[in-house]
Number of protein chains: 2
Amino acid sequence: METIHLKDFYQRGDQVFLPHVSVDCVIFGFHENQLKVLLLKWKGGQWCLPGGFVKHEESVDDSAVRTLEERTGLDHIYLRQFYTFGHPNREKGKKIPDARSWVNKRFISIGYYALVEFSKVNPQPDILSTECRWWDINKVPALIYDHKEIIKKALESLRMDLNDHPVGYNLLQEKFTMPELQRLYETILDESLDRRNFQKRMLALEIFERLKERRTGGAHKAPYLYRFDKKKYERALKQGLKQGW
Amino acid sequence: METIHLKDFYQRGDQVFLPHVSVDCVIFGFHENQLKVLLLKWKGGQWCLPGGFVKHEESVDDSAVRTLEERTGLDHIYLRQFYTFGHPNREKGKKIPDARSWVNKRFISIGYYALVEFSKVNPQPDILSTECRWWDINKVPALIYDHKEIIKKALESLRMDLNDHPVGYNLLQEKFTMPELQRLYETILDESLDRRNFQKRMLALEIFERLKERRTGGAHKAPYLYRFDKKKYERALKQGLKQGW
DNA sequence: ATTCATTGTGTATATTGGACGCAATAGTAC
DNA sequence: GTACTATTGCGTCCAATATACACAATGAAT
């Protein structure tokens with residue numbers, strides 16, 4: 001994409017990308033007890049979700065992965081498709097410089113959300129934007145199109161998924177404490193949880209490994225550090241990780 | 001669609017429909033204690049899911065609704081988008097008569113599943129097919145493209161949704177008995193449930209109205225008839241219909 | 001050494017879920 | 001009509017789980 005000139009992109013992008021189909025990514029991060037989303041500042045001045053288009057021979061998933069890698073500098077990101085947005089007027093107020101461009105048509109957008117380790121991300125704008133940075137989930141600015149609705153639905157999906165898929169650790173550093181994991185859950189779910197019951201519940205999943213290290217430096221008793229244990233996780237999955245019925 | 005000639009559809013359908021975007025519907029029915037799906041016999045001879053294309057000014061949801069109404073003769077059907085399929089080779093072996101047609105390109109397909117009352121459906125083939133009929137979910141024939149995978153994912157989604165959304169009644173007639181509802185759940189979930197606990201659990205939802213009538217004619221004690229009560233349902237939804245956390 | 005917020009672990013209670021008992025009932029057999 | 005049988009409606013008991021809460025241990029600050 002870097003080698004494509006903007007003019008070419010507008011005029012002949014449809015030779016590379018499928019028309020009418022786009023991908024939008026809601027990239028979640030967690031920093032200073034706040035849930036964040038990564039947004040781009042569109043050259044028109046407004047903010048929007050990082051997204052992209054699907055190459056003619058590329059899978060939609062891969063398109064999302066490519067967008068993610070380009071915006072964050074990371075790979076192997078936790079990614080999940082959650083909904084496809086297809087209202088004909090979802091891009092109300094669309095303003096594309098080149099009126100005749102293929103980009104100036106109606107688009108169906110496939111929504112993905114991603115969970116990333118905040119501190120590792122190196123935000124990079126794309127060729128259509130001038131800035132890329134984190135926003136507090138409660139303070140996102142006005143966004144183009146239906147992107148606010150997409151974020152809303154992504155958060156709802158994440159909350160639902162959290163019930164039966166303990167994926168929250170993807171938002172934390174490799175080693176983390178139970179209090180840190182709890183703050184994360186509380187922030188995502190927007191409610192406070194009992195410290196002791198939370199710990200019991202998480203440990204009952206048997207997908208974390210407790211290290212001998214502790215997080216020192218805090219003003220009080222040093223909590224243990226934990227690490228996600230993929231082997232334990234896969235074993236737990238096979239046993240059926242607590243689901244309905 | 002009926003007024004469109006097949007030749008026009010292949011040659012100029014892209015003036016009406018978005019290229020590269022399709023909708024596939026997994027229509028579930030329930031009959032004689034069997035879960036059924038409605039399939040079409042493609043003119044090439046193979047079977048496939050009922051589906052369609054999205055008009056330029058039409059929402060994707062509406063496209064699914066249109067397909068549903070055309071294939072079943074019903075409206076106000078319970079419908080849910082569950083996944084979008086976007087692998088570039090998902091239509092391996094595609095054989096479109098007109099090789100140059102827009103239909104002969106790659107398609108992204110948005111998957112919906114529908115729950116319908118079996119006895120009310122009047123199956124209708126579309127212009128690309130010669131036959132439309134129900135198939136037992138366990139006996140579906142070879143299907144084109146990735147349609148078998150789509151059915152599989154639809155069933156998984158239905159099973160998941162059933163945990164927190166008691167939508168099963170959509171598959172039954174207006175009045176039904178608890179044993180009938182239980183057979184339905186057992187069929188969808190593919191496991192047997194305790195009769196008494198099932199009844200307790202369903203009635204605890206407080207979304208059904210028990211009628212004074214009973215289902216007579218059976219060889220034994222006549223069970224009560226129940227009916228879905230939308231007002232109760234919406235009240236229950238507001239109270240939070242049993243979810244995690 | 002004392003203080004204090006925080007952590008690790010445990011218990012007591014309430015709620016839910018699953019296994020099962022039993023009387024009532026609608027048809028069948030005689 | 002009477003006895004029989006499979007099914008239904010309603011209930012109880014026990015285990016599993018979830019929730020509320022108690023208390024000692026810890027580590028930095030004073």
Side-chain angles (χ1 to χ4, degrees), chain A residues 32-33 159 162-164 166 169 172-173 175-187 189-227 236 239-245, chain B residues 32-33 159-160 162-164 166 169 172 175-187 189-227 236 239-245:
Chain A
E32 291 178 346
N33 286 339
R159 282 178 180 159
L162 217 51
N163 284 325
D164 36 19
Y169 67 88
L172 300 176
Q173 295 181 336
K175 300 175 184 178
F176 53 88
T177 67
M178 276 301 144
E180 285 165 3
L181 188 62
Q182 185 181 341
R183 300 287 166 273
L184 171 62
Y185 270 68
E186 288 178 334
T187 306
L189 300 169
D190 196 27
E191 63 179 303
S192 63
L193 303 169
D194 182 274
R195 180 178 66 83
R196 294 150 290 190
N197 294 332
F198 178 82
Q199 180 137 332
K200 249 185 296 184
R201 185 164 170 174
M202 285 300 122
L203 294 183
L205 293 171
E206 293 190 330
I207 61 172
F208 300 118
E209 175 192 6
R210 188 168 94 175
L211 308 176
K212 289 176 180 171
E213 308 170 66
R214 292 158 176 265
R215 167 90 71 219
T216 56
H220 304 289
K221 182 171 179 177
Y224 282 107
L225 284 168
Y226 290 83
R227 182 163 51 191
Q239 291 175 9
L241 195 64
K242 177 190 63 164
Q243 298 194 357
W245 296 100
Chain B
E32 291 178 347
N33 286 339
R159 281 178 182 161
M160 296 292 284
L162 217 51
N163 283 325
D164 36 20
Y169 68 87
L172 299 177
K175 299 175 184 178
F176 53 88
T177 68
M178 275 301 143
E180 285 164 4
L181 188 62
Q182 186 182 340
R183 300 287 164 273
L184 171 62
Y185 269 69
E186 289 178 332
T187 305
L189 300 169
D190 195 28
E191 63 179 302
S192 62
L193 304 169
D194 182 273
R195 180 178 64 84
R196 293 149 290 190
N197 294 332
F198 178 82
Q199 180 137 335
K200 250 185 297 183
R201 185 164 172 175
M202 285 300 122
L203 295 183
L205 294 171
E206 294 190 329
I207 60 172
F208 300 117
E209 174 192 7
R210 188 167 93 175
L211 309 176
K212 288 177 180 171
E213 308 170 66
R214 292 158 176 266
R215 169 88 74 218
T216 57
H220 305 289
K221 180 170 180 177
Y224 283 106
L225 285 169
Y226 290 83
R227 182 164 50 192
Q239 292 175 8
L241 195 64
K242 176 191 63 162
Q243 297 194 359
W245 297 99

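As the structure is a computational prediction, the values presented were derived from the model and not from experiment. The sequence lines fix the lettering, A, B, ..., with proteins before strands; numbering per chain opens at 1.
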Would you please test A:Leu184 and A:Thr187 for side chain to side chain contact (heavy atoms under 4.5 Å, CB included) and show each step?
-> CA-CA 5 Å; A:Leu184 171 62; A:Thr187 306; 5.5 Å; no
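In this structure, A:Arg195 atom CZ and C:dG8 atom C1' are separated by 7 Å, rounded to whole Å. In this structure, B:Leu193 places its CG atom 16 Å from C1' of C:dC20, rounding to the nearest Å. Here C:dT15 presents its P atom at 19 Å from CZ of B:Arg201, a figure rounded to the nearest Å. Distance A:Asp194 CG to C:dA14 P: 17 Å, rounded to the nearest Å. Rounded to whole Å, atom P of C:dG8 lies 15 Å from atom CE of A:Met202. B:Phe198 places its CZ atom 18 Å from the C1' atom of C:dT16, with the value rounded to the nearest Å.
Checking C:dG8, D:dT5, D:dC10 against the side-chain heavy atoms of B:His220 singles out D:dT5 as nearest. Closest contact between the side chain of B:Asn197 and the listed nucleotides D:dC21, D:dC10, C:dG18 involves C:dG18. Of the candidates D:dT5, C:dG8, C:dG18, C:dG18 carries the atom nearest the B:Lys200 side chain, counting heavy atoms from C-beta on. Distance from the side chain of A:Gln199 is smallest for C:dG8 among the nucleotides D:dG9, C:dG18, C:dG8. Relative to the side chain of B:Pro179, the nucleotides D:dG27, C:dG8, D:dG9 differ in distance, and D:dG9 lies closest. Among the nucleotides C:dG27, D:dC21, C:dT7, the one closest to the side chain of B:Thr216 is C:dG27. Nearest nucleotide to the side chain of B:Arg196, out of D:dG9, D:dA22, D:dC21: D:dG9. For B:Arg210, counting side-chain heavy atoms from C-beta on, the closest listed nucleotide (D:dT26, D:dG9, C:dT9) is D:dG9.
Ring pair A:Phe198/A:Tyr185: centre-to-centre distance below 6.0 Å. Ring pair B:Phe208/B:Tyr224: centre-to-centre distance not below 6.0 Å.
In this structure a side-chain-to-backbone donor-acceptor pair under 3.5 Å is present from A:Gln182 to A:Leu193.
The base of D:dG9 has none of its N or O atoms less than 3.5 Å from a complementary donor or acceptor on the side chain of B:Arg214.
Ion pairing of B:Arg183 with B:Glu186 is present here, as a side-chain N (NZ or NE/NH1/NH2) and a carboxylate O approach within less than 4.0 Å.
In terms of position along DNA chain C, the nucleotide closest to A:Ala222 lies nearer the 5' end than the nucleotide closest to the other residue of the pair B:Lys221 and A:Ala222.
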